[in-house]
Amino acid sequence: MDFSAVSSALKAIGELTQEVTSLWGVDEQVEGLASELRWMQSFLKVADARKVDHEVIRTSVVEIRELAYDAEDVIEMFALKVASKRKGGFSNCIKRSASFLKEGCLLHQIKSEIEKITARIKELARQLQMYDVSKFEVDGEGPSSSTVRLEARRPYPHVMDDNIVGLDNDVKKLVTVLLNEQSECRVVSICGMGGLGKTTLAKKIYHHSQVVGHFKHLVWIYVSQHCQKRKVWEDILSELLILSEEDRKVNVEKLAKKLSSFFEENKCLVILDDVWNIEAWDSLKPAFSARETKSKILLTSRNKEIVADADKNGFLYELQELDYNQSWKLFQKIAFPQSNSPGYKIDAKMKELGEDMVKHCAGLPLAIIILGGILATKYPSLTEWLKVSANVKSYLNNNKGEVLRDVLALSYDDLPPYLRPCFLYLSHSPEDYEIPVDRLIQLWVAEGIVSSKQEEGDEGQIAEDVAEGYLLELAERCMIQVRERDIATLKIRSFQMHDLMRDVCLSKAKQQKFLYIADQSNACQLSTIGRVRRVSAHKFFWIQCIKSPRLRSLLFFDEFLPREEMDKFLPLTIQSYIKNQYELHIPLICFLALFAWTVLATKLRGIWKYMFNNFNFLRVLDYERGGAAGCKLPNYIGKLIHLRFLRLRGLDFKSSKLPSSLGNLRCLQSLDLRIESECSNSIHVPNVLWRMQQLRHLYLPEECNRKTKLKLGTLRNLQTLVNFNTKNCHVNDLINMTNIRELEIRGPFNIEDFNTKELDKNPPIIQSKYLYSLSIINEEGRIDPSHLAHLLLSCENISKLRLDVEIRRLPEYHYLSSNLAYMKLRRCKLGEDPMPTLAKLPYLSMLELHEEAFIGKEMFCCGQAFAKLESLSLKELNFLEEWKVSEGAMPCLRRLEIQKCRQLKKLPDGLRFIATLQELKIESMPKTFKDKVEEGGEDFCKVRHVPSIILQDCFW
């Protein structure tokens, strides 16, 4: 069940009730509403604990979420429009006296709204009393759909599947691990998403001749989602033929002891199939506690977290999707029943259709088997194959494809309540979209799906850290596929969803009315839907189609107004005329162009006006791709007082001025102002951001105009600050940002009243102990080395440092954080070799020296240098002639890239001693350099041990 909406509403009420005076006039109504919301929360928890899957419950959950959203909206309106104005003593009372009548009307309206919501909750409670949640499992629709799905998936080890492709190498690797008696590994885990073939792989190992010959006893146990340890232990004893009648009566501790003793005395392999969570393993592991044993455990799971908990020396094997060739081979075995017959030849057209259809399965064996099975029943009718080909996905989701959906849906069924809305939120992204984690986490927090855990521990966890943990849990459960990790922290930076897992996500989101995905084909339906809370627009549509005044979230993945829509404003005849007659009738052309622009500007203004006048409860407004957005950002944006997330990045306005009404958006947590302007390269930001004291992530324009001077000292919650500089901001404001984690300085950076003679007399610039990433970029000027050294001295915990600015001299080692894992230097124009200083950084794992970072001729890496360095990139070091590497330097280096270092004569001799080097990439280097590296060249002996040598664009 989705608890997040109710929890968010209760949190809003809790924050409001902390100030008792603020509630004057509505205190009874608010307390009554909070009481009813707590009842709703309890109801959801009971239904979820009982795993109830009933249409009445599903409908009620949607209704409860709607009521919770309404409650939160009205409470927040009271906080912003009434309670906030009651602060401030006598002077504020004088100001308010003129608007007492207006405040009274508003108070009456809010009071009435709260009473209506409370009445609706009570009516829902009355209706639910007609149903008994505890009886749904018995008298309702029978067992929960999750239980039915689990039973349908129950495997039997003696039943082998003939249609197996691509597991030979997997079997070989795992059998080797299981038969190794010298290893301390006792638990081997096969992990992966549903339908990948984990159980099939385990069966192959179970029947493998070497495994059968090595172990005295082999046991196969199906654990499933509802693990009952006594039953599992009794089943193991039964499989071992040592279960007695007395065992059925003794307590579980004696059963565990008997099993542990047996495993210690006998060499056994126990396969635990389908272990769902750590709790299940924790309940079972007392039976496998024998220390001196040659017995081993093989478990299959969708959850990678179990491995670390099961055995500190355990072996995790992540099963991968089939590649295209393997997918096609498996598909042929099933779809073409006669393919193994001598002389059989596949019809060319069917082969073409099959090769295209198998791509939709994205390497998931179960999907390929189901699709192949559907097509096998229609073979050899080309007409029927064409029908399936025209809409592959619908066939995968219907009939036999229901098995596939059920298998993947089990992963959703097993999610704890706090993860379900997080997973459903992923449905907002288009197919094959790589989801950036930073933005997703900001959206989760803005929507109230994730909140802080301040009650847990001294300082607690901020919402972003909680969200990061939730995302990691989804990855551990194999529900998302990690695409990129942070090079310094190894945190997930971006991920994708498997197409078929995304289909499950979309199906669940639609069933629960979690959000609406809109484009031109279905946008008209929005006008008939009264209650829509979230809209994700994958393709452009006119937002005037949305008729829901309580809309909370608008995400656009297309341009604000695509070019093809603009072309519709002028008839084709006029467009053709403009193109063909331009030189003959310039005045007419100018008039037509002006007419077209006027129509376009009116349309764009109409979009903004409709949005700001009709969606007053909007919390999220996100433009993914920018685009032409009109003359200017309208003042009306100040009406959206509930906004938490606003991203305007890439939107192109004629005017370079942002409206001062942005200051009304006091609830904003994430604000991205990286807009563009046709009239100017610099943007004017009004000095109103200081009012947004809840801001956590702020992205300023890349260049602000000289009139912009921002006070940011009140933004104490800020975690991300991008495009800060001392021309438009005050350096002392950084001192107040005690929660800052990521800081990017773009442009000039000068410290006022700086004591250059006694650096230690200057106050520290950064007071945050959480700062982990610092970037300094200045394409035009340079930074004073003493100012840079002082800044770095106060950044003692950073793990990422990017310097893209002329500094001439690298700060001494003691100014650099010992935690640095990633460092990039670009255009620094260092005269002295930076390697002796950088080599001392104990955790540096990635180093990039690009575009005149170093302008000297010689670079030297001495022995024992760069103990943890794994990746080194040298690009456009135009003066570098000689690079020396001693034996023992860079002992962990795995990747080396050299590009456009055209004066470099040869590879260093020391590379021959780096046994860990896996990839060497040489790009855009002289042909003479390339010839030396190639096989037979004089430098080849230095890198002959490197598995991958890439030579690219070395022609001159």
Side-chain angles (χ1 to χ4, degrees), residues 155 157 167 170-193 196-208 210-212 214-225 227-229 231-233 235-237 239-240 252 255-320 414 472-473 475-478:
L167 292 181
D170 305 293
V171 171
K172 187 177 179 181
K173 289 176 185 175
L174 287 168
V175 167
T176 302
V177 175
L178 289 169
L179 300 189
N180 184 0
E181 294 187 355
Q182 306 304 314
S183 169
E184 294 183 6
C185 170
R186 294 286 174 263
V187 180
V188 177
S189 306
I190 304 171
C191 291
M193 68 181 287
L196 262 184
K198 301 181 295 294
T199 299
T200 303
L201 177 56
K203 283 183 184 181
K204 288 206 75 171
I205 293 167
Y206 180 79
H207 290 284
H208 195 278
Q210 286 181 267
V211 172
V212 173
H214 182 81
F215 292 99
K216 186 176 180 181
H217 300 279
L218 284 91
V219 178
W220 181 287
I221 297 297
Y222 176 58
V223 178
S224 87
Q225 207 168 356
C227 176
Q228 300 173 30
K229 68 178 177 182
K231 184 179 184 307
V232 170
W233 288 346
D235 285 348
I236 295 174
L237 290 169
E239 288 278 315
L240 294 169
V252 289
L255 282 182
K257 187 176 180 181
K258 181 174 180 177
L259 279 169
S260 182
S261 299
F262 188 87
F263 294 141
E264 193 164 5
E265 296 165 5
N266 298 272
K267 194 189 295 183
C268 306
L269 174 63
V270 180
I271 297 179
L272 300 175
D273 185 40
D274 210 18
V275 181
W276 277 83
N277 49 51
I278 292 174
E279 291 73 24
W281 169 253
D282 285 342
S283 70
L284 296 176
K285 69 181 179 184
F288 309 107
S289 58
R291 294 184 180 180
E292 299 297 325
T293 178
K294 292 183 179 179
S295 294
K296 297 206 174 182
I297 300 161
L298 175 66
L299 60 85
T300 71
S301 178
R302 303 184 187 197
N303 193 340
K304 289 184 278 189
E305 281 185 312
I306 296 170
V307 184
D309 189 72
D311 180 4
K312 64 179 181 180
N313 298 310
F315 183 82
L316 168 64
Y317 193 80
E318 293 189 55
L319 196 56
Q320 302 299 317
D414 188 58
L472 185 60
E473 197 169 338
E476 297 285 357
R477 289 170 175 268
C478 302

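Since we're looking at a predicted model, the values are computed, not measured.
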Rounded to the nearest 0.5 angstrom, the CG-OG1 distance for D170 and T200 is 11.5 Å

Backbone N/O of D274 and side chain of T300: donor-acceptor pair under 3.5 Å | yes

Separation between CD (Q210) and NE2 (H214), nearest 0.5 Å, reads 10.0 Å

(message) Less than 4.0 angstrom from a charged side-chain N to a carboxylate O is my criterion; do D282 and K285 meet it?
(response) yes

Mark yes when over 12 heavy atoms from residues, nucleotides or ligands other than E184 sit less than 6.0 Å from its CD; otherwise mark no. no

Between the CH2 atom in W220 and the CD1 atom in I236, the distance rounded to the nearest 0.5 Å is 13.5 Å

**Prompt:** In terms of the angle between their ring planes, are W281 and F288 parallel, tilted or perpendicular, with boundaries placed at 30° and 60°?
**Reply:** parallel

For N277 and N303 the tightest heavy-atom approach is CA-ND2, 4.2 Å

Within the side chain of K296, is there an N or O that forms a donor-acceptor pair under 3.5 Å with the backbone of K267? no

Does atom NZ of K294 have more than 12 heavy-atom neighbours, drawn from other residues, nucleotides or ligands, at distances under 6.0 Å? no

Of all heavy-atom pairs linking C185 and S183, the shortest is N-OG, 3.0 Å

Scanning both residues in full, the closest heavy-atom pair of I278 with I306 reads N-CG1, 3.9 Å

_Does atom CD (E279) have a neighbourhood of more than 12 heavy atoms from anything else shown, all under 6.0 Å?_
yes

Paired with V219, the side-chain contact (heavy atoms from CB on, under 4.5 Å) test is passed by just one of I297, L240, D235, namely L240

Here the pair of heavy atoms bringing S295 nearest to C268 is OG-N, 3.0 Å

When rounded to the nearest 0.5 Å, the distance separating NZ of K216 from CG of L269 is 15.0 Å

CD1 of I205 to CG of L174, rounded to nearest 0.5 Å, is 4.5 Å

Rounded to the nearest 0.5 angstrom, the CD-OG distance for E318 and S189 is 10.5 Å

Taking the side chain from S301 and the backbone from V275, do they hold a donor-acceptor pair closer than 3.5 Å? yes

Looking only at heavy atoms, the pair that brings L218 and Y206 closest together is CD2-O, 3.5 Å

Between L178 and F215 the two heavy atoms that sit nearest each other are O-CZ, 3.7 Å

Sorted by chain and number, sequence neighbours left out, side-chain hydrogen bond (donor to acceptor under 3.5 Å, both in side chains) with S260 holds for S289

By side chain to side chain contact (heavy atoms under 4.5 Å, CB included), V252 pairs with (sequence neighbours left out) K229, R230, W233

